[in-house]
Amino acid sequence: MPTLPELLHSLQTLQNDPLAHAGTNIVISRGNPQARILLVGEAPGPQEDKIGKPFVGPAGQMLDKVLQAGGFDPEQDVYIINSVFRMPPGEAGKNFRKPNDAEIDFYRPFVFSFIEICQPLIILLTGNVASQSVLGKTGITSLRGQWFQVQGHWTMPIFHPSYLLRNPSKAPGSPKSLMWTDIQEVKRKFDSLQ
Ligand code: URA
């Protein structure tokens with residue numbers, strides 16, 4: 001198993017990955033590598049590609065609000081990575097797109113290296129792409145809020161923060177209210193595992 005600096009170095013010098021030709025930057029992680037929660041996102045967007053850190057755009061601001069609502073400090077209590085480490089370039093007038101299966105498959109071993117090195121108490125998977133990468137399952141509406149075991153780590157799929165930005169209602173049963181329920185459950189589990 002590589003050390004964290006070795007893993008970061010192999011990502012920083014990656015050249016044979018399917019998105020290397022896209023001309024986008026490697027975007028690896030933010031937060032605290034010693035944190036007890038590892039959060040896996042989808043792929044960098046334009047702001048992340050520019051700055052070189054995951055979740056620094058509008059989705060990242062929403063993510064931080066969700067984590068804070070659960071009583072977590074996004075910089076201290078969580079280490080944040082993505083399922084795909086470069087921004088998939090856009091088609092049809094858009095500047096980015098969702099990662100495809102081949103891209104998710106290529107970067108999966110790196111995601112699992114982070115899990116093995118960081119040994120988090122809890123893994124959070126935001127949305128379908130992270131659930132596909134780590135659990136091999138999609139269908140976030142039914143997966144969210146459930147606990148799974150991944151190599152002995154408590155793992156929960158939750159909605160992607162971009163989905164909350166597109167669905168701002170806080171009504172009972174809305175994505176935002178379900179996210180509130182899920183982050184409370186994550187906090188309950190986190191406290192019970194300390
Ligand atoms: N969405 C993600 O899933 N990851 C990012 O880094 C930014 C937006």
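Just the heavy atoms: all of them, side chains too, but no hydrogens, waters or symmetry mates, feed the values below. Whatever order the structure lists them in is the order used to number ligands and atoms, beginning at 1.
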Show the short N or O contacts, below 3.5 Å, that ligand 1 makes with protein N or O atoms; if there are none, say 'none'.
{"unit_1": "ligand 1", "atom_1": "1 (N)", "unit_2": "H160", "atom_2": "NE2", "d": "3.4"}
{"unit_1": "ligand 1", "atom_1": "3 (O)", "unit_2": "E42", "atom_2": "N", "d": "2.7"}
{"unit_1": "ligand 1", "atom_1": "3 (O)", "unit_2": "H160", "atom_2": "NE2", "d": "2.7"}
{"unit_1": "ligand 1", "atom_1": "4 (N)", "unit_2": "A43", "atom_2": "O", "d": "3.1"}
{"unit_1": "ligand 1", "atom_1": "4 (N)", "unit_2": "N82", "atom_2": "OD1", "d": "2.8"}
{"unit_1": "ligand 1", "atom_1": "6 (O)", "unit_2": "F55", "atom_2": "N", "d": "2.9"}
{"unit_1": "ligand 1", "atom_1": "6 (O)", "unit_2": "N82", "atom_2": "ND2", "d": "2.9"}

Q: Would you please say whether a donor-acceptor pair under 3.5 Å links the side chains of S162 and H160?
A: yes
Q | For the student: nearest non-hydrogen atoms of N82 and P54, plus distance | A | ND2-CB, 3.5 Å
Q) Should we say atom CD of Q194 is surrounded by more than 12 heavy atoms from elsewhere, each under 6.0 Å from it? A) yes
Q. Just by distance, with hydrogens left out, do Q132 and D101 show a side-chain donor and acceptor under 3.5 Å apart?
A. yes
Q. Do we see a donor-acceptor contact under 3.5 Å between the side chains of S29 and Y79?
A. yes
**Q.** K53 atom NZ: more than 12 heavy-atom contacts under 6.0 Å
**A.** no
